[in-house]
S.K.: 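If you scroll down you'll find the structure; I have some questions about it.
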Number of protein chains: 4
Amino acid sequence: MARGDVRDRTMDDGGRGPGGAGERREEPVRRRLLAEATRLFAAKGFENTSVQEIVSAAGVTKGAMYHYFDSKDDLLHEVYARVLRLQTDRLDRFADAPGPVADRVRAAAADVIVTTIENLDDFKIFFRSMHQLAPETQRSVRAERRRYHERFRDLIGEGRRTGVFRDDVPADLVVDYFFGSVHHLGTWFRPDGALSAREIGDHFAGLLLASLRP
Amino acid sequence: MARGDVRDRTMDDGGRGPGGAGERREEPVRRRLLAEATRLFAAKGFENTSVQEIVSAAGVTKGAMYHYFDSKDDLLHEVYARVLRLQTDRLDRFADAPGPVADRVRAAAADVIVTTIENLDDFKIFFRSMHQLAPETQRSVRAERRRYHERFRDLIGEGRRTGVFRDDVPADLVVDYFFGSVHHLGTWFRPDGALSAREIGDHFAGLLLASLRP
Amino acid sequence: MARGDVRDRTMDDGGRGPGGAGERREEPVRRRLLAEATRLFAAKGFENTSVQEIVSAAGVTKGAMYHYFDSKDDLLHEVYARVLRLQTDRLDRFADAPGPVADRVRAAAADVIVTTIENLDDFKIFFRSMHQLAPETQRSVRAERRRYHERFRDLIGEGRRTGVFRDDVPADLVVDYFFGSVHHLGTWFRPDGALSAREIGDHFAGLLLASLRP
Amino acid sequence: MARGDVRDRTMDDGGRGPGGAGERREEPVRRRLLAEATRLFAAKGFENTSVQEIVSAAGVTKGAMYHYFDSKDDLLHEVYARVLRLQTDRLDRFADAPGPVADRVRAAAADVIVTTIENLDDFKIFFRSMHQLAPETQRSVRAERRRYHERFRDLIGEGRRTGVFRDDVPADLVVDYFFGSVHHLGTWFRPDGALSAREIGDHFAGLLLASLRP
DNA sequence: AATGAATGAGGGTTCATTCAT
DNA sequence: GATGAATGAACCCTCATTCAT
């Protein structure tokens with residue numbers, strides 16, 4: 001397994017300049033491979049993107065890719081890991097913030113929209129290609145996804161218990177209802193559309209909150 | 001092109017009642033191929049299903065499949081055509097019914113949920129594999145899909161104009177919001193779950209209507 | 001063998017009108033199939049022409065073709081048979097005519113050019129696709145072709161013996177030399193070119209005769 | 001495209017003498033593939049030769065072939081490129097030599113016969129399979145072929161202008177006449193025949209020159 | 001750390017031919 | 001005489017992956 005020790009440094013180099021002290025190199029090849037793979041998977045789908053295309057786009061050869069990643073599947077898995085981490089981190093932040101639960105739900109809901117749009121390539125892949133992963137990997141991704149949804153559901157549950165939200169619709173169902181809209185963004189959102197990510201987030205969060213009024 | 005004259009008979013038997021003179025089976029091979037393809041595409045994804053698997057499941061050889069369909073893509077396209085026809089027909093029925101607009105929106109919204117669940121295999125494929133179609137086919141499917149959404153949007157627009165619905169959220173956006181939930185059904189719905197299709201439809205329609213209150 | 005009794009009537013119906021006495025029908029389907037096959041083989045090559053294309057062009061179905069012909073190869077063979085018969089007949093006529101041998105060679109040589117151009121589709125196929133025939137068929141075609149060449153060679157031999165032609169070049173070689181030019185016509189001749197078939201025939205015959213001067 | 005950098009080394013080893021430092025074999029697999037393909041195409045025709053046969057004969061797998069060549073068509077194209085290069089180079093050499101034009105035409109004519117016989121497999125393919133190439137490739141091959149013919153025609157034109165050759169037959173037509181004999185060699189020449197390549201070349205060149213006498 | 005030639009299994013598709021009707 | 005659904009074998013090609021260098 002050549003990956004365990006480098007995986008976590010994919011997305012940031014901490015702002016350290018190249019002249020920093022004796023830090024290990026930041027693996028620009030690995031990063032480039034992941035970026036090109038993400039772009040191509042989102043544009044053409046996982047199955048329609050060949051390893052050759054990815055390595056050519058990244059300016060390296062196949063051997064280099066297989067040095068950094070176990071397989072093509074592994075590349076896809078990396079995209080998922082990044083997406084899941086990002087969403088979980090942000091939801092935790094909003095859920096654990098102080099303030100009334102309605103405000104926290106609204107903020108979290110708007111944020112997941114904005115975040116999704118800002119990383120639309122990654123999310124497109126996430127929502128479209130999960131069934132391509134190996135069954136085992138799929139299970140682990142699903143489990144983490146479920147934990148994320150449960151966190152959101154519990155937040156809504158808190159609002160129901162405190163009488164802020166209606167309680168005649170199961171909280172689970174509300175989560176499935178709302179996250180459908182999130183998944184769907186990849187299908188219709190265009191950067192040059194009439195509304196900004198922020199505006200869409202506010203509208204969607206507004207619709208959610210309105211539908212939860214007792 | 002050996003198909004033009006048989007394609008349209010997939011879903012109906014031309015109105016002839018049972019017992020009519022032209023009793024012989026209506027292309028059972030073609031129907032079986034389409035049924036097995038639908039099942040497999042939904043279960044394993046379009047790209048992970050080989051033509052060999054489809055024809056084996058249908059109990060015929062590849063040549064038979066290529067007698068009825070131009071390509072594997074064509075099989076996928078047939079699923080789409082069926083889905084689009086079904087949805088369009090039903091939406092028209094509900095939109096054109098008499099009664100207050102709020103009732104019509106609620107009924108149409110609930111119905112699309114129920115219909116989607118009742119044909120979940122077809123819809124799973126529809127929502128997950130569109131990007132596999134040939135670009136040209138993709139355009140035509142998208143165009144028809146857009147018309148469908150516009151029909152729904154106009155219904156909501158009618159409610160806005162008559163003051164029944166709020167007008168501070170664009171009707172287009174509401175449609176994208178709600179149909180996200182519809183698309184998402186394929187991801188989480190299980191026939192053995194706690195709620196029936198009808199109940200889910202009612203809940204989702206209820207959430208939509210609540211979020212549209214002025 | 002469904003063909004033996006109809007084969008010879010492919011090219012002419014003897015000028016008899018359709019109201020002739022009790023003659024058997026002239027098989028328009030068979031004729032149409034052969035005509036379309038010839039056209040398509042010449043245009044796209046034997047291997048690139050499918051049976052489906054041929055029968056579609058002729059406005060019938062596969063079953064009809066297999067009623068009149070044993071196989072796709074058989075269609076090709078028919079083209080050959082027609083060409084061989086035509087060439088042989090005409091060469092015999094010119095060779096057996098009265099007059100000096102030089103005149104007869106010149107006339108036969110010019111005629112084979114004109115005849116080839118007038119039936120260029122058939123000859124293109126002949127010169128290009130012989131190796132597609134079944135080995136046995138190929139042998140018989142080659143044998144007949146050889147007889148044809150020998151007839152021509154003997155004519156030249158006659159001129160050599162009588163001192164009209166040079167005798168320092170083997171007559172066989174002269175035949176191979178000249179018929180190369182005939183075969184080649186299919187490659188470069190265009191009906192809208194500067195020279196007519198007649199003119200080309202005269203020029204080529206002239207070149208041949210000139211090269212044979214003692 | 002994995003070929004650009006190796007293609008040109010097919011026929012020579014870069015001028016390095018044996019015993020040089022860079023001793024390792026120059027793409028023996030590629031060379032073997034091309035040699036076997038040439039042999040099989042000439043023997044059985046392009047369309048009747050499967051990729052499997054070629055790679056089996058060369059002792060490798062299909063993947064290896066597709067590493068060196070883009071397609072089966074590409075193999076054919078390589079044969080053409082080699083033939084065209086060879087012919088063009090040799091014609092240039094003879095045309096640009098010093099001496100009377102009649103001598104140069106005779107030498108060039110005899111040489112094209114000898115060269116064709118010495119590479120008969122390649123030329124058989126060339127003259128028989130051109131119509132199998134992709135239309136675009138076909139155009140480029142035809143264009144190069146035309147330039148070659150024009151070079152030869154200009155040589156004859158020179159003889160006409162200087163009164164050495166007759167001028168009552170178009171030079172273009174003479175070229176088509178003579179090269180027909182060249183193309184035809186593949187049909188009848190057998191290595192164990194009575195005449196050597198050299199003898200045939202001399203005879204054919206003699207016939208050509210004789211026919212051009214004023 | 002990186003190369004790229006080679007593998008080998010499988011993919012979609014074509015097509016001449018047959019045969020029950 | 002003619003149909004056209006169905007066969008079955010072959011075909012060209014793709015691709016993730018490996019491994020000697």
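Heavy atoms only: backbone and side chains are in, while hydrogens, waters and symmetry mates are out. Quick note on labels: first sequence line is chain A, next is B, and so on, each numbered from 1. Given the structure is predicted, the values throughout are model-derived calculations rather than measurements.
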S.K.: Charged N to carboxylate O below 4.0 Å: is that the case for D:E36 and D:R39?
M.R.: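 Between D:R39 and D:E36 there is a salt bridge, with a charged N closer than 4.0 Å to a carboxylate O.
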S.K.: Hydrogens and angles aside, do B:N48 and A:Q132 bring a side-chain donor and acceptor to less than 3.5 Å of each other?
M.R.: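 B:N48 vs A:Q132: donor-acceptor pair found between side chains.
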S.K.: Under 3.5 Å, which protein N or O atoms sit close to an N or O of nucleotides 15-19 of chain E? Give each pair with its distance.
M.R.:
{"from": "E:dA16", "atom 1": "OP1", "to": "C:K72", "atom 2": "NZ", "distance (Å)": "3.1"}
{"from": "E:dA16", "atom 1": "OP2", "to": "C:V51", "atom 2": "N", "distance (Å)": "2.8"}
{"from": "E:dT17", "atom 1": "OP2", "to": "C:Y66", "atom 2": "OH", "distance (Å)": "2.7"}
{"from": "E:dT17", "atom 1": "OP2", "to": "C:K72", "atom 2": "N", "distance (Å)": "3.0"}
{"from": "E:dT17", "atom 1": "O5'", "to": "C:Y66", "atom 2": "OH", "distance (Å)": "3.4"}
{"from": "E:dT17", "atom 1": "O4", "to": "C:K62", "atom 2": "NZ", "distance (Å)": "3.1"}

S.K.: Could you tell me whether a side-chain N or O of A:E47 sits under 3.5 Å from a main-chain N or O of B:E47, the two making a donor and an acceptor?
M.R.: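 No, A:E47 side chain to B:E47 backbone: no donor-acceptor pair under 3.5 Å.
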S.K.: Which whole-number value in Å describes the distance from B:I54 CD1 to E:dT13 C1'?
M.R.: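 Taking CD1 of B:I54 and C1' of E:dT13, I get 13 Å after rounding.
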S.K.: Strictly by Watson-Crick or wobble contacts shorter than 3.5 Å, is anything paired with E:dT7, and which nucleotide is it?
M.R.: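 E:dT7 is paired, partner F:dA16.
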S.K.: Hey, mind stepping through C:V60 and C:R32 against side-chain contact (heavy atoms from CB on, under 4.5 Å) and telling me if it holds?
M.R.: CA-CA 9 Å; C:V60 296; C:R32 232 156 53 223; 3.8 Å; yes
S.K.: For D:S56 and D:Q52, test the side chains for any donor-to-acceptor distance below 3.5 angstrom and give the result as yes or no.
M.R.: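 A pair is found: one side chain offers a donor N or O, the other an acceptor, under 3.5 Å apart.
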S.K.: Give the rounded distance in Å between these two atoms: CD of D:Q132 and P of F:dC11.
M.R.: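 Rounding to the nearest Å, CD of D:Q132 and P of F:dC11 are 15 Å apart.
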S.K.: Taking any strand in view, what nucleotide pairs with F:dT21 in a Watson-Crick or G-U wobble way, both distances under 3.5 Å?
M.R.: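 Pairing partner: E:dA2.
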S.K.: Expressed as a whole number of angstroms, how long is the span from D:Y68:OH to F:dC13:P?
M.R.: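 Roughly 18 Å, once rounded to whole Å.
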S.K.: side-chain contact (heavy atoms from CB on, under 4.5 Å) with D:F69: which of D:I54, D:D74, D:V51, D:L76?
M.R.: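 In the set D:I54, D:D74, D:V51, D:L76, the residue that makes a side-chain contact (heavy atoms from CB on, under 4.5 Å) with D:F69 is D:D74.
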S.K.: Quick check on E:dA6: is either OP1 or OP2 less than 4.0 Å from any side-chain nitrogen or oxygen of D:H67?
M.R.: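 No, no such contact exists.
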S.K.: Could you work out which one of F:dA2, E:dA6, E:dT7 sits closest to the side chain of D:V29?
M.R.: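 When the side chain of D:V29 is considered, E:dA6 is the closest of F:dA2, E:dA6, E:dT7.
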S.K.: Both distances below 3.5 Å, Watson-Crick or wobble geometry, any strand: find the nucleotide opposite F:dA9.
M.R.: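 When the pairing criteria are applied, E:dT14 turns out to be the nucleotide that pairs with F:dA9.
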S.K.: For B:R31 and F:dA5, give me the distance from atom CZ to atom C1', rounded to whole Å.
M.R.: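 The answer, rounded to whole Å, is 16 Å.
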S.K.: Starting at atom CG of B:L40, determine the distance to atom C1' of E:dG11, rounded to an integer number of angstrom.
M.R.: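 That distance rounds to 16 Å.
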